[in-house]
Amino acid sequence: MRIAPEQLARHLEKQLAPLYVVSGDELLLAIEAADLIRAKARQGGYIEREIFNVDSHFNWVELERCSNSLSLFGERRIIDLRIPSGKPGNQGSAVLEKYCRALPPDTVTLVTLPRVDQQGAATRWFKALDAAGAVITVYPVERGRLPAWIGERLAMQGQNADVDTLQFLADKVEGNLLAAYQELKKLALLYPPGMLSFEQVKDAVLDVARYDAFKLSDAMVAGDTARYARILEVLQGEGMALPLVVNTLAGQIRLLVAIRTGLDAGKPLRQLISQARVWQDRQKIMENAAHRLNLEQLTSALSHAAKIDRVGKGVASGDPWDELLQLGLRFAKIGQRQ
């Protein structure tokens, strides 16, 4: 049974399944879903709780023993199984399949995992979990939907704000939902229910954005010039080492050059992305850029990055940070000409 995160509360009002799997890389949403299940189980009399953290030293026999034994005090219990790697291994896979074939009585089992990809979903152990209970998959909130998500969370605490203020908050947290959660809770403590002004929010919110060179490269590849310029300004102000920034940007451009070269040779894009070892959460922007840009434009951008490296080393004249800004703007203009 598959349950969307927004439908979980309604599901729990009607029933409590014997097993739940919470899967996803968005930490805040995964924590909230798991907490909701635990709270409902406690309300249903599942008081005792056994926690198993699966690491390289975990002994799966412990889970088998627990499932085969009665509750210590004869009470209903929660078995909380956490697999942060998302890979139980051969022994764990066999134990999970056996566990799902005979779920322990008077027990709610909660399994938490990172995001399970298509290959992982096809494994026997995950299919066994899926068949035995309910799977809740949490997805990251896309950047474009983040202001609306913040607005929904504000409404849950009796507050609201206009579109510009929501966008301001979204820019400040840079997609970090845990940071957004903390800022919203702060607003709930500082101000009464009702409409929040921009000035109130601006005064209350700290700059919780986590800027780094990889976010700068993402903004460059996506052609998001406003975000690129904002992150670059913060990196410069924080004294980020110039070579690290240049090398990170150049590395992303080289990846795009390799992918674009393969596309021009008729190779499948998915194969090229896999060979380039692009992280899952960055594959979409890299695919879009590879389609949008041609090889000549990418090699020209790479030459620009090499020039910035020479400027930074004092071999060529110029302001390296200004050149970095020009590189980002130039990259965006490349995409606009296609």
Answer yes or no: does atom [atom1] of [X] have more than 12 heavy-atom neighbours from other residues, nucleotides or ligands under 6.0 Å?
| X | atom1 | value |
| --- | --- | --- |
| Gln119 | CD | no |
| Glu296 | CD | no |
| Glu233 | CD | no |

Side chain of [X], backbone of [Y]: donor and acceptor closer than 3.5 Å?
| X | Y | result |
| --- | --- | --- |
| Gln200 | Ser197 | yes |
| Lys186 | Ala204 | yes |
| Gln297 | Asn294 | yes |

What is the minimum heavy-atom distance between [X] and [Y], and which atoms define it?
| X | Y | result |
| --- | --- | --- |
| Leu244 | Thr248 | O-OG1, 2.7 Å |
| Ala301 | Leu327 | O-CD1, 3.8 Å |
| Ala34 | Thr112 | CB-CG2, 4.3 Å |
| Gly262 | Leu272 | C-CD1, 3.5 Å |
| Ala132 | Pro18 | O-CG, 4.1 Å |
| Val173 | Ala179 | CG1-C, 4.1 Å |

Excluding sequence neighbours, so at least two apart, what forms salt bridge (Lys or Arg N to Asp or Glu O under 4.0 Å) with [X]?
| X | answer |
| --- | --- |
| Arg153 | Glu32 |
| Asp264 | Arg260 |
| Lys313 | Asp309 |
| Arg254 | none |

Do [X] and [Y] belong to the same hydrophobic cluster, where Ile, Leu, Val, Met, Phe, Trp and Tyr are linked whenever their side-chain heavy atoms lie under 4.5 Å apart, directly or via other members?
| X | Y | result |
| --- | --- | --- |
| Leu146 | Leu196 | yes |
| Val108 | Val135 | no |
| Val138 | Ile83 | no |
| Val21 | Ile31 | no |
| Leu19 | Val22 | no |

Can you sort out the partners of [X] under ring pair (Phe, Tyr, Trp, His ring centres under 6.0 Å), two or more places apart, ordered by chain and number?
| X | result |
| --- | --- |
| Phe198 | Phe168 |
| His11 | Tyr20 |
| Trp60 | Phe58 |

Assess whether a salt bridge exists between [X] and [Y], defined as any Lys/Arg side-chain N lying under 4.0 Å from an Asp/Glu carboxylate O.
| X | Y | value |
| --- | --- | --- |
| Asp117 | Arg115 | no |
| Asp218 | Arg227 | no |
| Lys307 | Glu323 | yes |

If you round to the nearest 0.5 Å, how far is OG of Ser67 from CG of Leu81?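 Atom-to-atom, Leu81:CG and Ser67:OG are 11.0 Å apart.
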
Spacing of NZ belonging to Lys185 relative to CG belonging to Leu190, to within rounding of 0.5 Å: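 If we round to the nearest 0.5 Å, Lys185:NZ and Leu190:CG are 13.5 Å apart.
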
Per the side-chain contact (heavy atoms from CB on, under 4.5 Å) rule, which among Thr165, Asp171, Asp164, Leu169 passes with Gln167?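 Testing Gln167 for a side-chain contact (heavy atoms from CB on, under 4.5 Å) against Thr165, Asp171, Asp164, Leu169 leaves exactly one candidate, Asp171.
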
Pick one: which of Thr299, Leu295, Leu256 meets side-chain contact (heavy atoms from CB on, under 4.5 Å) with Thr261?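 So, applying the side-chain contact (heavy atoms from CB on, under 4.5 Å) to Thr261 and each of Thr299, Leu295, Leu256, only Leu295 qualifies.
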
Just do the side chain to side chain contact (heavy atoms under 4.5 Å, CB included) check on Ser317 and Val311 with the steps written out, would you? CA-CA 6 Å; Ser317 61; Val311 172; over 6 Å; no

Does a side-chain heavy-atom distance below 4.5 Å link [X] with [Y]?
| X | Y | result |
| --- | --- | --- |
| His304 | Ile308 | yes |
| Val245 | Trp321 | yes |
| Val141 | Glu26 | no |
| Gln236 | Leu324 | no |
| Leu166 | Leu154 | yes |
| Val54 | Arg82 | no |
| Arg38 | Arg42 | yes |
| Asp25 | Pro140 | no |

Scan for salt bridge (Lys or Arg N to Asp or Glu O under 4.0 Å) pairs involving residues 2-15, sequence neighbours excluded, and state none if there are none.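 Qualifying pairs: Arg2-Asp130.
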
Check step by step if side chain to side chain contact (heavy atoms under 4.5 Å, CB included) holds for Thr225 and Met220. CA-CA 7 Å; Thr225 55; Met220 180 190 71; over 6 Å; no

I want to check a possible cation-pi pair here: Arg76 against Tyr46, using under 6.0 Å from ring centre and within 45° of the ring axis as the test.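 Yes; both conditions hold, so Arg76 lies above the ring face of Tyr46.
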
Test item: side-chain donor near acceptor, Thr107 and Arg77, under 3.5 Å: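 The criterion, which ignores hydrogens and geometry beyond distance, is satisfied for Arg77 and Thr107.
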
Evaluate the criterion side chain to side chain contact (heavy atoms under 4.5 Å, CB included) for residue pair Glu64 and Tyr99; output intermediate values, then yes/no. CA-CA 7 Å; Glu64 288 188 290; Tyr99 184 92; over 6 Å; no

Using salt bridge (Lys or Arg N to Asp or Glu O under 4.0 Å), reason through Arg65 and Glu50 one step at a time and then give a plain yes or no. CA-CA 12 Å; Arg65 287 175 182 162; Glu50 298 275 357; over 6 Å; no

Side chain to side chain contact (heavy atoms under 4.5 Å, CB included), that's the test. Do Val221 and Asn288 meet it? Break it down for me. CA-CA 9 Å; Val221 171; Asn288 291 340; over 6 Å; no

For residues 89-98, which side-chain N or O atoms pair as donor and acceptor with protein atoms under 3.5 Å away, sequence neighbours left out?
| unit_1 | atom_1 | unit_2 | atom_2 | d |
| --- | --- | --- | --- | --- |
| Ser93 | OG | Gly89 | O | 2.6 |
| Glu97 | OE1 | Arg124 | NE | 3.4 |
| Glu97 | OE1 | Arg124 | NH2 | 3.3 |

Could you pull out all residues at least two apart from Gln157 that satisfy side-chain hydrogen bond (donor to acceptor under 3.5 Å, both in side chains)?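 Scan of Gln157 (side-chain hydrogen bond (donor to acceptor under 3.5 Å, both in side chains), adjacent residues dropped) gives Gln159.
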
Any ring pair (Phe, Tyr, Trp, His ring centres under 6.0 Å) involving residues 107-155? Give me the pairs, sequence neighbours left out, ordered by first then second residue.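 Residue pairs with at least one partner in residues 107-155: there are none.
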
Using a 4.5 Å cut-off between side-chain heavy atoms of Ile, Leu, Val, Met, Phe, Trp and Tyr, which other residues end up in the same hydrophobic cluster as Val163?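 Grouped by the 4.5 Å side-chain rule, Val163 forms a cluster of one, so the answer is none.
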
